[in-house]
Amino acid sequence: MCLSIPMRLVVLEGRNGDFAVAERGQGDALRRERVNLMLIGPQPVGTWVLASLGLAREVLEDGERELIEDALAAVSAALTGDYDPARHFADLTGKPGDPGEPQ
């Protein structure tokens, strides 16, 4: 099983823009990898994509990316024994004042 993660395109490669270098901050480190854009087509630098195993699967809007980042943070917190439901998945709690509260 593999997990797709959000990555930002930083350099375009190839004559037709079929490939790009994407990056993602991971704690104090910076993860970079070459991704194939053939499924989603050429994209401008700065675009956030959902990538897995060197393949960009879809273009992410800011709202989608925030939800995915929140879910990844919750998984990381659960693995370290630091999970607090009040801090994660604000879009699901529906508590007034939560950043993810439906409008």
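For this chain, numbers begin at 1 and follow the sequence in order.
For G46 against R8, the heavy-atom pair with the smallest separation is O-CG, 3.6 Å. Listed here is the closest heavy atom pair of P42 and N16: CG-O, 3.4 Å. A pairwise comparison of heavy atoms in L12 and Q43 identifies CD2-O, 3.2 Å as the closest pair. The two residues L39 and A56 come nearest to each other via the heavy atoms CB-O, 3.8 Å. Here the closest non-hydrogen pair linking R57 and S4 is NH1-OG, 2.8 Å. When all heavy atoms are compared, the tightest approach of P44 to L9 is O-CD1, 4.0 Å.
The backbone N or O of M38 lies less than 3.5 Å from a partner atom in the side chain of N36, making a donor-acceptor pair. A donor-acceptor contact shorter than 3.5 Å is absent between the side chain of E66 and the backbone of G63. With hydrogens and angles ignored, the 3.5 Å screen pairs a side-chain donor or acceptor of R24 with a backbone N or O of P6.
For CZ of R65, the number of neighbouring non-hydrogen atoms (other residues, nucleotides, ligands) closer than 6.0 Å is greater than 12.
Residues L50 and L3 share a hydrophobic cluster, clusters being chains of Ile/Leu/Val/Met/Phe/Trp/Tyr side chains in contact below 4.5 Å. Under the 4.5 Å side-chain contact rule for hydrophobic residues, W48 and I68 share a cluster.
No side-chain heavy atom of L37 sits under 4.5 Å from any side-chain heavy atom of D18. Taking 4.5 Å as the limit, every side-chain heavy atom of R31 sits out of range of all side-chain heavy atoms of E23.
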Evaluate T47 against V59 for side-chain contact (heavy atoms from CB on, under 4.5 Å), listing each step before the verdict. CA-CA 7 Å; T47 301; V59 175; 3.8 Å; yes
For side-chain contact (heavy atoms from CB on, under 4.5 Å), just list the numbers for R32 and V10, CA-CA rounded to whole Å, side-chain angles, deciding distance to a tenth of an Å, and then say yes or no. CA-CA 9 Å; R32 294 189 102 176; V10 293; 3.0 Å; yes
Would V49 and L60 count as a side-chain contact (heavy atoms from CB on, under 4.5 Å) here? Give the steps. CA-CA 5 Å; V49 298; L60 291 175; 5.9 Å; no
For the pair L72 and D70, evaluate side-chain contact (heavy atoms from CB on, under 4.5 Å) and give the outcome as yes or no after the intermediate values. CA-CA 5 Å; L72 291 172; D70 192 32; over 6 Å; no
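E61 CD to L67 CG: the interatomic distance, rounded to the nearest 0.5 Å, is 12.0 Å. Summarising the geometry, atom CD1 belonging to I5 is positioned 8.5 Å from atom OG belonging to S52; distances are rounded to the nearest 0.5 Å.
A salt bridge between E13 and R34 is present, with a side-chain N of the basic residue lying under 4.0 Å from a carboxylate O of the acidic one.
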